[in-house]
Amino acid sequence: MAEISNFIKTIMENDLKEGKVDHIATRFPPEPNAYLHIGHARAIIMDFELAKCFGGKTNLRFDDTNPVNEGAEYVDAIIENLGWLGYTPDNVFFGSDYFEKTYEKAVLLIKKGLAYVDDLSQEETTAYRGTLTEPGKDSPYRNRSVEENLRLFEEMKEGKYADGEKTLRAKIDMASPNINMRDPVMYRILHREHHRQGNKWCIYPMYDFAHPLQDSFEGITHSLCSIEYDNHRPLYDWFVEKCEMEHVPHQYEWGRLNITNTIMSKRYLRQLVEGNYVTGYDDPRMPTLVGLRRRGFTPSSIKEFILYTGLSRINSTTNAVNLDHFLMEDQKMSAPRAMTVMDPLKVIIDNYPEGQVEYFDAPNNMENLELGTHKIAFSRELYIEREDFIEVKPNKKWKRLALDSEVRLMNSYFIKAESVVKDENGNIIEVHASYDPETRSGNNFTARKPNGTIQFVEASTAKKAKFNLFEPLIFDETEETKGLSFIDRLNKESWIVKEGYVEFDLENTVPGDHYQFMRNGYYCTDKDSTKEELVFNRTCSLKSSFKPNN
RNA sequence: UGGGGUGUAGCCAAGCGGUAAGGCUUCGGACUCUGAAUCCGACAUGCACUGGUUCGAUCCCGGUCACCCCAGCCA
């Protein structure tokens, strides 16, 4: 695995060296309200790998301080995804586990005169906050006595007030140029059932108040988050200090990772699912972990991608080919290689005995012979890829089949195309060819060089298959689509299904199996496969230096 | 327009005062029972721009420009 190296690691090294910390502890804090995607994978991998570098620990902490959208089904999915990536948290905690302790800290702040109960409505709060360029003004309730605040907060907790009627706010500075410091709300009233706490609470702490406390309770040393929280760091530090936290965690930010032409925001992902633009969160075109998995991405390919991509404080958009590269790197020595025909054209070997079928032993992976061999059938009737045949060779660079020229059928014989049969519209429906027994695979035949090597499948034994050829969801970014909503920019032609054949050997394949279908690229068996027909998702293509025009 | 963050090649990204790592992409060439893979080779006199300090600046200082984030009782 690639060695991890980035500015956060340097910070950790220095903190350790300078004695600022004596251990490293990180946490991955998802809110259980969405499926994890590749962006989360980066956070997970960084949190775990960075801690691992120093023999530290990493907690999984569900940030469930807002009962509105959160649910247990996401908890299980997140734990499962983490396991898939190969990580076992040292602890699994819930932010809601700390509600009692968090409440006590809020009381402490009230007692210190640093928090107050506010009666302003939501609209009024917004108005009082001021704008980016104008300072806010103090709430008329800002100077209530400690006793009154204590009583009111207690009453909030007891459910005496309706949602939105009151809030608990930190008393900081309504004129701060940093809007996050203008008396942020610490607690809001929400008469909602919590997925773990039930109806025990009707006040819930806000992220800004809860998060630093949770980090402290757990002894987190380096609290890593994305760059948009940069503005919240002063507040994070303020709460840690004013709440007199024994352990002092620190927040560090990094830039978000985007992939070209895909959408990562949970809101948009949800729209794609709910609008039936995709078949679900595990649609192979989705950037979710379950989607990538179904498409054929492996945990190690994702890890390598993340580790090689690195990180900085810049929000970056990596080209999707980078992802493909690491998948291919991961698969090339381990995925069995097999022949397929996705757009079949019948070839009849006229000089091959009718009714005879012979079998060849083909290596599963020419570069890794340890993977063993499989049987390839050969007979008088075969299918080749339609694009691998042309009547008249366009130029000397054409490396496929053409009339009067010879190619090697991979793992079997040389064949020479002799004539074609066309239908009434002039389309080629059959190619007649001859084979040369001398050129049998394994004979080390060197007397002639073939024009090239192409794939084939034996007609009577091949199994039907469907190939989902698609791009990950593409969101056009052109001049014409500028300003359109993301859903209107969605390229709906991004899923092409081809119906063809695979070698019958793949009959015993299981959903999730990986193959390289030679020049067609890497594929993964889909769960939609049936006994009659296998379904494959293209995971990534190979590079091709073939240009049809040269 | 207040505050904060960030600008190193087509895309990521190291570098933190001593003369621009690495990966991906791209382009040549060799090899090939995959037009793949592999192997060789090429690819920033330049670090947003501009002044200054210095023997020396991508690194330090000043100015300018561009992009991103912040006005939820979301996280």
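In the text below, chain A, chain B and the rest are named by the order of the sequence lines, each starting its count at 1.
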Paired nucleotide for B/G41 [Watson-Crick or G-U wobble; both distances under 3.5 Å]:
B/C27
Any strand: nucleotide that pairs with B/G22 via Watson-Crick or wobble, under 3.5 Å
B/C12
Roughly how far apart, to the nearest Å, are B/A36 and B/U32 at atom P?
13 Å
Does the ring center of A/Phe93 lie less than 6.0 Å from the ring center of A/Phe62?
no
Pull out every residue in residues 362-372 of chain A that has a heavy atom closer than 4.0 Å to any atom of RNA chain B, ordered by number, or say none.
A/Glu367
In whole Å, I'd like the distance from the CZ atom of A/Arg270 to the P atom of B/C74.
15 Å
So A/Gly255, base contact, sugar-phosphate only, or nothing? Heavy-atom distance under 4.0 Å.
nothing
I'd like the P distance from B/U58 over to B/A20, given in whole Å.
9 Å
Proximal nucleotide (of B/U34, B/C74, B/G5) relative to the A/Asn66 side chain:
B/C74
Which part of the nucleic acid does A/Leu120 contact within heavy-atom distance under 4.0 Å: base, sugar-phosphate only, or nothing?
base
Which base, if any, makes a Watson-Crick or G-U wobble pair with B/G7, both distances under 3.5 Å?
B/C65
Using atom P of each nucleotide, how far apart are B/A9 and B/A44 to the nearest Å?
12 Å
Mind calculating the distance between CD (A/Gln214) and P (B/A75) to the nearest angstrom?
10 Å
Does A/Ser316 put a side-chain nitrogen or oxygen below 4.0 Å from OP1 or OP2 of B/A13?
yes
Using Watson-Crick or G-U wobble geometry with both distances under 3.5 Å, which nucleotide pairs with B/G2?
B/C70
Across the strands shown, which category fits A/Asp63 at heavy-atom distances under 4.0 angstrom: base, sugar-phosphate, nothing?
sugar-phosphate
Close side-chain approach of A/Asp388 to A/Leu345, heavy-atom, < 4.5 Å:
no
Can you measure A/Tyr74 atom OH to B/A75 atom P for me and round it to whole angstrom units?
16 Å
Contact class for A/Thr453 vs. all strands (heavy atom < 4.0 Å): base, sugar-phosphate, or nothing?
sugar-phosphate
Do A/Ser441 and B/C33 share a donor-acceptor pair, side chain to base, under 3.5 Å?
yes
What nucleic acid atoms does A/Arg400 come within less than 4.0 Å of, heavy atoms only: base, sugar-phosphate, or nothing?
base
Its glycosidic angle compared against 90° from 0, B/G7 adopts the form anti
Figure out the CG/P separation between A/Leu257 and B/A13, and round it to whole Å.
9 Å
Figure out the CG/P separation between A/Asp163 and B/G72, and round it to whole Å.
19 Å
A/Asp208 vs A/Thr317, nearer the 5' end of RNA chain B by closest nucleotide
A/Thr317
Could you pick out which residue, A/Asn6 or A/Glu165, lies toward the 5' side of RNA chain B when each is mapped onto its nearest nucleotide?
A/Asn6
If you define the side chain from C-beta out and look only at heavy atoms, does anything of A/His40 sit under 4.5 Å from A/Ile78?
no
Spacing of the P atoms in B/A75 and B/C16 (rounded, Å)
40 Å
A/Tyr207 has a side chain; which of B/G72, B/A75, B/C12 sits nearest to it?
B/A75
What does A/Ser176 touch in the nucleic acid at a heavy-atom separation under 4.0 angstrom: a base, only the sugar-phosphate, or nothing?
nothing
Taking the C1' atom in each of B/A13 and B/G7, what is the distance between them to the nearest angstrom?
13 Å
Looking at the side chain of A/Asn411, which of B/C33, B/G72, B/U34 is the nearest nucleotide?
B/C33
B/A75: pairing nucleotide in any strand, Watson-Crick or G-U under 3.5 angstrom:
none
Check the orientation of A/Phe153 and A/Tyr103. Use parallel for under 30°, tilted for 30 to 60°, and perpendicular for over 60°.
parallel
Looking at every strand, decide which applies to A/Thr126 at a 4.0 Å heavy-atom threshold: base, sugar-phosphate, or nothing.
sugar-phosphate
Kindly indicate whether the side chain of A/Ile259, heavy atoms from C-beta on, has any atom under 4.5 Å from the side chain of A/Met264.
yes
Any A/Lys543 side-chain N or O less than 4.0 Å from OP1/OP2 of B/A37
yes
Would you say B/A75 has OP1 or OP2 under 4.0 Å from some side-chain N or O of A/Arg188?
yes
Taking the side chain as C-beta and beyond, is there a heavy-atom pair between A/Lys157 and A/Trp201 under 4.5 Å?
yes
For A/Glu3, does the CD atom have more than 12 heavy-atom neighbours from other residues, nucleotides or ligands under 6.0 Å away?
no
Does any part of the side chain of A/Val240, heavy atoms only, come nearer than 4.5 Å to the side chain of A/Pro249, both counted from C-beta?
yes
Closest listed nucleotide, where the reference is the side chain of A/Met328 and the choices are B/C11, B/A71, B/A37:
B/A37
Contact class for A/Arg313 vs. all strands (heavy atom < 4.0 Å): base, sugar-phosphate, or nothing?
sugar-phosphate
Which listed nucleotide (B/C12, B/A36, B/G23) is nearest to the side chain of A/Tyr308?
B/G23
Name the closest nucleotide to the A/Lys399 side chain, picking from B/A75, B/G5, B/U32.
B/U32
Mind checking if A/Glu31 touches a base, just sugar-phosphate, or nothing, with heavy atoms under 4.0 Å?
sugar-phosphate
When you look at CD of A/Glu370, are more than 12 heavy atoms from neighbouring residues, nucleotides or ligands closer to it than 6.0 Å?
no
Taking the P atom of each, how far is B/C59 from B/U54, in whole Å?
16 Å
Listed nucleotide nearest any side-chain atom of A/Met410, set B/C33, B/C73, B/U6:
B/C33
Gap in Å between the two C1' atoms, one belonging to B/U8 and one to B/C47, rounded
4 Å
Side chain to side chain, A/Asn451 and A/Leu401, heavy atoms closer than 4.5 Å:
no
Could you check whether A/Leu311 gets within reach of a base, just the sugar-phosphate, or nothing at all, counting any heavy atom under 4.0 Å?
sugar-phosphate
Taking only side-chain N and O atoms of A/Thr309, does any of them lie within less than 4.0 angstrom of OP1 or OP2 on B/G23?
no
Looking only at heavy atoms, which two atoms of A/Met186 and A/Arg169 are closest? And how far apart?
SD-C, 3.8 Å
Could you work out the separation of B/G15 and B/C74 based on their C1' atoms and round it to a whole Å?
39 Å
Classify the nucleic acid contact of A/Thr318 as base, sugar-phosphate or nothing, counting any heavy atom under 4.0 Å across all strands shown.
sugar-phosphate
Pairwise side-chain contact, A/Phe28 with A/Leu224, heavy-atom cut-off 4.5 Å (strictly under)
no
Going 5' to 3' through nucleotides 64-70 of chain B and flagging B where a protein heavy-atom sits under 4.0 Å of the base, S where only the sugar-phosphate is that close, and - otherwise, we get ----SBB
Taking it one step at a time, do A/Val117 and A/Asp119 satisfy side-chain contact (heavy atoms from CB on, under 4.5 Å)?
CA-CA 7 Å; A/Val117 173; A/Asp119 294 3; 4.2 Å; yes
Ring centroid separation A/Phe414 to A/Phe445 under 6.0 Å:
yes
Quick one: label A/Glu253 by what it contacts on the DNA or RNA (base, sugar-phosphate, nothing), any heavy atom closer than 4.0 Å.
nothing
So A/Met339, base contact, sugar-phosphate only, or nothing? Heavy-atom distance under 4.0 Å.
nothing
